[in-house]
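Since this is a predicted model, take the numbers as computed values, not measurements.
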Amino acid sequence: MAKSFLRVALDNFVEARQRRANLYANGALQTLDDQTLSAMGLNREELRRKPSLRSIS
């Protein structure tokens, strides 16, 4: 069954908000020190490869 117009619009809206949240979270993670990132299982180089609000602005 095909999705209704409203369902497609809602899915697109949710996807756009999720992308924006990911950009914001990645930018916030980049402000943390290396020790904290390591404790979270992340590294700075990995974060630099992902887009962030900082790289867009």
Side-chain angles (χ1 to χ4, degrees):
M1 182 177 203
K3 290 184 180 181
S4 72
F5 170 78
L6 291 177
R7 183 48 148 177
V8 171
L10 177 64
D11 289 347
N12 289 339
F13 176 76
V14 169
E15 183 181 339
R17 295 294 292 177
Q18 183 63 50
R19 283 193 310 265
R20 180 74 174 189
N22 289 341
L23 291 172
Y24 178 80
N26 192 45
L29 286 171
Q30 288 179 5
T31 65
L32 299 175
D33 62 301
D34 290 335
Q35 184 179 7
T36 304
L37 290 174
S38 295
M40 296 169 66
L42 301 169
N43 63 41
R44 192 157 306 280
E45 191 58 39
E46 180 181 314
L47 291 175
R48 283 189 184 122
R49 282 189 243 124
K50 295 179 183 177
S52 69
L53 284 179
R54 221 187 267 185
S55 64
I56 293 174
S57 300

Would you check if Leu23 and Pro51 make a side-chain contact, meaning some heavy-atom pair closer than 4.5 Å?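 Yes; the side chains approach each other to less than 4.5 Å.
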Side-chain heavy atoms of Met40 within contact of Leu32, under 4.5 Å: yes
For residues 7-16, please give each side-chain donor-acceptor pair under 3.5 Å, one per line with the distance, not counting sequence neighbours.
{"unit_1": "Asp11", "atom_1": "OD2", "unit_2": "Lys3", "atom_2": "NZ", "d": "2.9"}
{"unit_1": "Asn12", "atom_1": "ND2", "unit_2": "Val8", "atom_2": "O", "d": "3.4"}
{"unit_1": "Glu15", "atom_1": "OE2", "unit_2": "Arg19", "atom_2": "NH1", "d": "3.1"}

Please name the residue in the list Leu29, Thr36, Asn26 that meets the side-chain contact (heavy atoms from CB on, under 4.5 Å) test with Leu42. Leu29
Closest heavy-atom pair and its distance - Lys50, Gln30: O-NE2, 4.3 Å
Would you say the side-chain atoms of Asn43 pair up with the backbone N or O of Leu37, donor to acceptor, closer than 3.5 Å? no
Using the salt bridge (Lys or Arg N to Asp or Glu O under 4.0 Å) rule, collect all pairs that involve residues 28-37, keeping only residues at least two apart or in two chains. Asp34-Arg44
